[in-house]
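What follows is a single structure, written as structure tokens, with notes after it.
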There are 2 protein chains.
Amino acid sequence: MTSSDLTRNQQVVLKALSGSNVPLSAYDILDLEQVRDQGLKAPLTIYRALDKLQALELVHRIESLNAFVACDHGPHSEPVGFMSCDRCRKTIELPVGACEDVLRSSAKANGFKLDRITVEVSGRCTDCVEGT
Amino acid sequence: MTSSDLTRNQQVVLKALSGSNVPLSAYDILDLEQVRDQGLKAPLTIYRALDKLQALELVHRIESLNAFVACDHGPHSEPVGFMSCDRCRKTIELPVGACEDVLRSSAKANGFKLDRITVEVSGRCTDCVEGT
DNA sequence: ACATTGCCTGTTATATCATTACATAACCGG
DNA sequence: CCGGTTATGTAATGATATAACAGGCAATGT
């Protein structure tokens with residue numbers, strides 16, 4: 001399946017996320033005019049589209065924010081993490097291939113077979129580094 | 001403040017988490033007999049105790065599970081991550097000091113001042129590595 | 001054509017996780 | 001004792017996510 005096979009709902013949700021410079025929760029998406037106007041009006045509709053988009057790696061979930069971001073570049077060759085600004089919420093992807101090796105061997109040493117990696121860091125972006 | 005200064009509620013919540021081999025949600029804690037018996041009966045009571053325990057680093061929150069674990073060894077010298085089994089939920093701490101350097105320099109390269117690191121990995125523990 | 005299958009959708013209700021608002025009590029330093 | 005800070009109690013609400021069930025619609029095999 002390619003992204004051109006996305007259903008209408010999925011396209012609407014992906015577009016909403018792509019057009020945002022900050023992560024959006026499912027309910028944030030639901031509240032967008034551009035989304036309501038397309039007839040999406042129930043949380044489940046949003047979550048279903050998000051599930052599919054995540055499976056296609058077109059969208060990622062940020063656990064520590066209960067929010068979602070569009071992925072800027074198709075399926076990944078290496079695992080990806082996120083860095084968010086505490087103040088303005090700006091969030092960027094962070095390649096974490098380098099961490100993966102460390103984690104995988106540490107997992108192995110503890111008798112775990114590692115499957116999924118979640119790396120989320122927060123702090124301040126350049127614009128927000130000073131001030132409250 | 002040392003752990004001996006914990007209030008009654010905080011002690012009850014910490015004991016509940018220490019006695020569990022899997023992460024517990026706030027409502028899981030609230031539902032425990034040993035906790036109800038001590039008179040804790042509102043979610044907020046649990047969350048307030050958890051907040052304090054987290055500030056003392058006696059408890060950690062696992063974002064991807066919306067759950068909490070007791071920390072097995074006082075305040076940390078290096079940041080800590082978690083590894084959870086998808087099947088039995090067993091969760092262990094994972095030192096992530098090695099990742100920290102990588103992440104911090106990556107953050108710097110992207111104009112971020114890094115503050116907090118969240119590393120959560122999932123997979124299968126030895127006992128669960130085969131089977132559903 | 002028609003039935004079967006699989007996927008997406010709509011709708012309602014509910015489950016789960018977390019906080020706000022406000023009042024009261026306990027503790028401690030001046 | 002006063003005044004500040006911290007902890008607590010209670011009720012209500014907000015925010016996030018899923019369950020359960022019915023129906024639509026396209027692809028496929030016969």
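Chain A is the first sequence line, chain B the second, and so forth, proteins listed ahead of strands; every chain is numbered from 1. Because the structure is a prediction, the values reported are computed rather than measured.
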Answer yes or no: is there a donor N or O on one side and an acceptor on the other, between the side chain of B:Ser105 and the main chain of B:Val102, under 3.5 Å? yes
Could you state whether B:Ile92 and B:Ile62 fall into the same hydrophobic cluster, counting links through intermediate Ile, Leu, Val, Met, Phe, Trp or Tyr residues with side-chain heavy atoms under 4.5 angstrom apart? no
Picking from C:dT11, C:dC8, C:dA18, the nucleotide nearest the side-chain atoms of A:Thr45 would be C:dT11
May I have the distance from B:Asp51 (atom CG) to D:dA7 (atom C1'), rounded to whole angstrom? 13 Å
Atom-to-atom span, CD of B:Glu63 to P of C:dA18 - whole angstrom: 9 Å
Please give, in whole Å, the distance from C:dC8 P to A:Gln10 CD? 6 Å
Among B:Ile46, B:Thr45, B:Val35, B:Leu53, exactly one meets side-chain contact (heavy atoms from CB on, under 4.5 Å) together with B:Asn9. Which residue is that? B:Thr45
Rounded at 0.5 Å granularity, tell me how far CD in B:Gln11 sits from CG in B:Asp5. 9.5 Å
Per nearest nucleotide of DNA chain D, the residue lying toward the 5' end, A:Leu44 or B:Ala49, is B:Ala49
d(CD, B:Gln54; C1', C:dA18) in whole Å: 12 Å
Between atom CD1 in A:Ile46 and atom P in C:dT9, what is the gap in whole Å? 11 Å
B:Asn9 side-chain N/O to D:dG9 phosphate OP1/OP2 under 4.0 Å: yes
To the nearest Å, give me how far apart CD1 (A:Ile62) and P (D:dA17) are. 12 Å
Report yes if a side-chain nitrogen or oxygen of B:Thr7 is closer than 4.0 Å to either non-bridging phosphate oxygen (OP1 or OP2) of D:dT8; otherwise report no. yes
Looking only at the side chains, is there a donor atom on one of A:Gln54 and A:Arg61 sitting less than 3.5 Å from an acceptor on the other? no
Does a side-chain N or O of B:Asn66 approach OP1 or OP2 of C:dA18 to a distance below 4.0 Å, or not? yes
Let me know, please, whether B:Leu65 or A:Arg48 comes out on the 5' side of the other along DNA chain C by nearest nucleotide. A:Arg48
note: A:Leu6, atom CG; C:dC7, atom P; distance rounded to Å ~ 16 Å
Among D:dG9, D:dT18, C:dA18, the nucleotide that comes nearest once only the side chain of A:Tyr47 is considered: D:dT18
Any side-chain N or O of A:Lys41 under 4.0 Å from OP1/OP2 of C:dG10? no
When you check the phosphate oxygens OP1 and OP2 of C:dC17, does a side-chain N or O of B:Arg61 lie under 4.0 Å from one of them? no
Are the aromatic ring centres of A:Phe68 and A:His60 under 6.0 angstrom apart? no
B:Ala42, nearest nucleotide to its side chain (from D:dT10, D:dA7, C:dC8): D:dT10
Give, ordered by number, those residues of residues 18-40 of chain A having at least one heavy-atom distance below 4.0 Å to an atom of DNA chain D; if nothing qualifies, reply none. A:Ser25, A:Tyr27
Backbone N or O of B:Ser106 within a donor-acceptor pair of the B:Asn110 side chain at under 3.5 Å? yes
B:Leu50 atom CG is separated from D:dA7 atom P, nearest whole Å, by 14 Å
Just do the side chain to side chain donor-acceptor pair (under 3.5 Å) check on B:Arg89 and B:Asn21 with the steps written out, would you? CA-CA 8 Å; B:Arg89 302 276 182 179; B:Asn21 55 347; over 6 Å; no
